[in-house]
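Beneath this line is the structure, given in structure tokens, with notes to follow.
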Amino acid sequence: MLDSKYLRAELAETAARQATRGFVLDVEKINALELQRRELQVATQELQNQRNSKSKAIGQAKARGEDITPLLAEVDGLGAELDRAKLQLDAVLAELDAIAATIPNLPDLSVPVGNDEQGNVEVRRVGTPRQFDFDVKDHVALGEALDKGLDFESAVKIAGSRFVVMKGQIARLHRALTQFMLDLHTEQHGYTEMYVPYLVNKDSLFGTGQLPKFGADLFHTQPATEEGVGMSLIPTAEVPVTNLARDRIYDLAELPVKMTAHTPCFRSEAGSYGRDTRGLIRQHQFDKVELVQLVHPAQSMSALEELTGHAEKVLQLLELPYRVMLLCTGDMGFGSCKTYDLEVWLPAQNTYREISSCSSMGDFQARRMQARFRPEEGKKPELLHTLNGSGLAVGRTLVAILENCQQADGSIAIPAVLQPYMAGKTVIA
RNA sequence: GGAGAGAUGGCAGAGUGGUUUAAUGCACCGGUCUUGAAAACCGGCGAGGGUUAGUAGCCCUUCAAGAGUUCGAAUCUCUUUCUCUCCGCCA
């Protein structure tokens, strides 16, 4: 959510910047509503003021034992008038809130302008794709050949498409990756490991920006549109972890807060029919190790570089070639003001595919969540900045390892850093 | 799942319809005193919003959340959520 005062004052500027991400801000409508809001709010508060002071006068008169009948006559009709004003005001406020809740974050000025992923800018490439002297197989073929380590058929039977069953050494490799990532981030990068709920309420989804706009991307235990009922499966640990800051005021000394969590993620993938239907790339359920930081506003841009580096470190240690993409205005997520995607090299697809997305949300989520810090003892609390990134998506990392570390006989050479997590094994055959 | 008791500012804790503009204590901040500190004393001290040039003043909202009764609600009524105690069930 954007600052309503800023939105009012800099409406034209905001509209221009939103346009770069393909979002049309209805300036005239907002101006008209704002005009009404101002008038109605002042009028309503004035009526409330009258009611309060007159009611108090009645109380005082009664305490003195005076006749309060004339005073009661004075307030006659005031309540009805107030109700009417309030009703109108609430309607206008609701309309303004509804608009505000659907406005994306403002892109940072360092973000390149572009319409779609074609406009993304490659920042750097790390590692060189390996040259194979045999025909590479994709992860689906490799996984199935290894004692049905990846079993999509069984998953269809027990759940449906876009799920997977893992077995034996592949399942263990998947677990090993998770442990490795968590250990790296907690022991080397200073994150605190968190275990969090996988089902969350509406307030949390609003806080991080999934609601009201993106409810269709989630799985809900009951329709989330109904007031107060139903929880939703988390689409990312970003939701429960970032919401730990909701309605909290941190001391300056507590910042930055750096948290990591491993959770399954659930996404309905509505609207992605026909894309990545084969394999592990796009699933309804996948595991991810998430990095979240809560920082002082002055630190958020440097924290984004740092956090992105933490995610990159995973790829470097696994010796997987990747590149870093700076997303353009048109390709960024709803709440982000700046995003780096990490794309890992997949030899079977002969291309780089997204494996992590690291974003600074600025104060966008913090404002929705009222996540704040106190800059100085006795000073007013200010909104902090939130950042998050995948460090990494575990399923896609598994894909990258299977494909990049495959050998001519179909076996998989286990990266050195994972071997301690695989009981010392060096190869999966 | 059943029965009962609760939810008040950072914490503790008064307050059962109008001198509550939420008492008081602790914590915290500023001051007096002191070589310095402690103690004592004095003052301040929640959050959100509106108006505004304003971090000034004034005003509104906020006592778990929502709805209601009333001229007036922390206080009365209803619904929901959560917490605690006991029982049941379970990992």
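Quick note on labels: first sequence line is chain A, next is B, and so on, each numbered from 1. Worth knowing before you read on, the calculation uses all heavy atoms, side chains too, and leaves out hydrogens, waters and symmetry mates.
Rounded to the nearest Å, the gap between the C1' atom of B:rC89 and that of B:rC28 is 47 Å. A gap of 13 Å separates the C1' atoms of B:rC63 and B:rA14, to the nearest Å. Rounded to whole Å, the C1' atom of B:rG43 lies 28 Å from the corresponding atom of B:rC60. Rounded to the nearest Å, the gap between the C1' atom of B:rU24 and that of B:rU80 is 33 Å. B:rU21 and B:rU62 have their P atoms separated by 13 Å, with the value rounded to a whole Å. Annotation: B:rU32 and B:rA38 have their C1' atoms spaced 15 Å apart (nearest Å). Taking atom C1' on both nucleotides, B:rC59 is separated from B:rA67 by 26 Å, rounded to a whole Å. Taking atom P in both B:rU51 and B:rA56, the straight-line distance is 15 Å, to the nearest Å.
Nearest nucleotide to the A:Pro381 side chain, out of B:rG50, B:rA47, B:rC60: B:rA47. Nearest to the side chain of A:Gln370, among B:rC71, B:rG50, B:rG48, sits B:rG48. Among the nucleotides B:rC59, B:rA47, B:rU61, the one closest to the side chain of A:Gln45 is B:rC59. Of all nucleotides listed (B:rG48, B:rG50, B:rC60), B:rG48 comes nearest to the side chain of A:Lys380. When distances are taken from the side chain of A:Ser55 to each of B:rU61, B:rG18, B:rG48, the shortest belongs to B:rG18.
Centroid-to-centroid, the aromatic rings of A:Phe334 and A:Phe364 come within less than 6.0 Å.
Between A:Arg353 and A:Glu403, no side-chain nitrogen of the basic residue sits less than 4.0 Å from a carboxylate oxygen of the acidic one, so the salt-bridge criterion is not met. Between A:Arg162 and A:Glu269 no salt bridge is recorded (no basic side-chain N to carboxylate O distance below 4.0 Å). Between A:Glu10 and A:Arg17, none of the side-chain N atoms (NZ, or NE/NH1/NH2) sits under 4.0 Å from a carboxylate O, so this pair counts as no salt bridge.
To the nearest angstrom, P of B:rU61 lies 12 Å from CD of A:Gln41.
Remark: the A:Lys62 side chain and the B:rG18 base include a donor-acceptor N/O pair separated by less than 3.5 Å.
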